[in-house]
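Each remark here refers to the structure printed beneath this line.
In what follows, chains carry the letters A, B, and so on, assigned in the order in which the sequence lines appear, proteins first and then strands, with residues in each chain numbered from 1. These numbers come from the heavy atoms of this one structure, side chains and all, not from hydrogens, waters or symmetry mates.
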Amino acid sequence: MIDVLYFAWVRERIGLPKEQVETGATTVAELVEELKAREERYAAAFEDISALRVAVDQELTDFGAPLAGVREVAFFPPMTGG
Amino acid sequence: MTVRVQEQTFDLGAEVQAFTLGRDDAGAVVSFTGIVRNTPDGDLERMEMEHYPGMTENALKGIEAEAMKRWNLKDCLIIHRYGTLRPGDLIMMVATASPHRGDAFEAAMFLMDYLKSRAPFWKKEFTTDGAEWVAAKDEDEDALTKW
């Protein structure tokens with residue numbers, strides 16, 4: 001089981017901030033494909049992944065990152081701090 | 001090095017004073033403060049600042065550690081707020097202390113450039129017309145290449 005977190009408009013589009021996902025995905029990209037296949041709201045949120053960023057266990061990474069041993073994956077738009 | 005991520009506001013003068021006083025190892029302190037800017041039409045009602053608890057603190061600490069490595073800094077401070085903010089409210093501040101001003105100015109710029117696009121914060125603006133997520137600017141991402 002992996003905790004999957006969503007922030008900002010990704011959270012709004014999917015309709016929840018966090019869920020536990022049982023997945024056989026070996027990379028973030030595969031996890032995204034699994035989620036997109038679930039329901040239209042996921043497909044809409046992940047339609048253009050170039051508009052998204054991903055963190056694995058709270059470290060920014062890319063969609064090719066492996067999921068072995070990972071506890072937490074977060075999806076969000078580019079950050080706007082400051 | 002200090003990082004504080006908090007909902008409540010902070011006392012800018014007291015923070016800079018506390019950061020500055022009592023040190024004799026630094027000849028220069030630079031501080032930067034971000035405040036909520038109203039829209040050109042003046043119709044901003046509020047801004048909601050969302051963040052990723054846990055990752056936010058770690059990302060900011062990482063950015064501070066990188067600044068301490070690159071410049072001759074004696075100390076640095078980042079305070080960043082989240083939650084509901086209104087026009088004119090303080091959003092965040094950074095401060096740097098170094099023996100000479102060049103390092104303090106440059107490191108403060110670096111901290112700002114990095115935390116704008118590498119710390120997990122997202123702004124949503126609520127105006128009388130509705131609500132909209134603030135889009136990241138290409139120039140903020142481009143700013144990182146100079147470091």
Heavy-atom pair with the smallest gap, counting every atom of B/Ala119 and A/Met79
O-CB, 3.3 Å
Is the CZ atom of B/Arg37 crowded by more than 12 outside heavy atoms at less than 6.0 Å?
no
Under a 4.5 Å heavy-atom cut-off, does chain B meet the side chain of A/Arg11, its backbone, both or neither?
side chain
Kindly indicate, with the supporting measurements, whether the criterion side-chain contact (heavy atoms from CB on, under 4.5 Å) is fulfilled by B/Phe121 and A/Thr80.
CA-CA 6 Å; B/Phe121 288 100; A/Thr80 52; 5.7 Å; no
Look at the rings of B/Tyr52 and A/Phe76 and say which category their plane angle falls in: under 30° parallel, 30 to 60° tilted, over 60° perpendicular.
perpendicular
Examine whether an atom of B/Arg81 lies under 4.5 Å from a heavy atom of chain A, and if so say whether it belongs to the side chain, the backbone or both; otherwise answer neither.
neither
Does one hydrophobic cluster hold both A/Val54 and B/Trp133, with members joined at side-chain heavy-atom distances below 4.5 Å?
yes
Do B/Val134 and B/Ile91 land in one hydrophobic cluster if side-chain heavy atoms of ILVMFWY residues count as linked below 4.5 Å?
no
Given that the side chain runs from C-beta out, which part of B/Lys116 has a heavy atom under 4.5 Å from chain A: side chain, backbone, both or neither?
both
Is A/Ala8 close to chain B through its backbone or its side chain, or both, or neither, when contacts mean heavy atoms under 4.5 Å?
both
If you count heavy atoms of other groups shown closer than 6.0 angstrom to CD of A/Glu39, is the number above 12?
yes
Heavy-atom cut-off 4.5 Å, strictly under: side chain, backbone, both or neither for B/Leu115 against chain A?
both
Other residues, nucleotides and ligands only: do more than 12 of their heavy atoms fall within 6.0 Å of CD on B/Glu132?
no
I need the residue from B/Tyr82, B/Trp122, B/Phe32 with the largest number of non-hydrogen atom pairs under 4.5 Å to chain A.
B/Trp122
Under 4.5 Å from a heavy atom of chain A, the part of B/Met49 involved:
side chain
Proximity breakdown for B/Asn58 and chain A, heavy-atom pairs closer than 4.5 Å:
side chain
Taking CG in B/Asp41 as the centre, count heavy atoms belonging to other residues, nucleotides or ligands within less than 6.0 Å. Is the count above 12?
yes
Counting heavy-atom pairs under 4.5 angstrom with chain A, the leader among B/Met92, B/Glu48, B/Glu50 is B/Glu50
Quick check on the hydrophobic clustering: are B/Met109 and B/Val3 connected, directly or via other members, by side-chain heavy-atom contacts under 4.5 Å?
yes
Report which part of B/Ala59 has an atom under 4.5 Å of a heavy atom belonging to chain A: side chain, backbone, both, or neither.
neither
Look up atom NZ in B/Lys124 and atom CH2 in A/Trp9, then write down how far apart they are to the nearest 0.5 Å.
12.5 Å
Tell me if a side-chain donor or acceptor on B/His80 pairs with a main-chain N or O of A/Gly82 at a distance below 3.5 Å.
yes
Tell me if the CZ atom of B/Arg101 is crowded by more than 12 foreign heavy atoms within 6.0 Å.
no
For chain B, which candidate among A/Arg53, A/Gln58, A/Glu12 shows the most heavy-atom pairs at distances under 4.5 Å?
A/Gln58
So with a 6.0 Å cut-off around CZ of B/Phe10, is the heavy-atom count from everything else above 12?
yes
A/Glu59 CD: over 12 foreign heavy atoms closer than 6.0 Å:
no
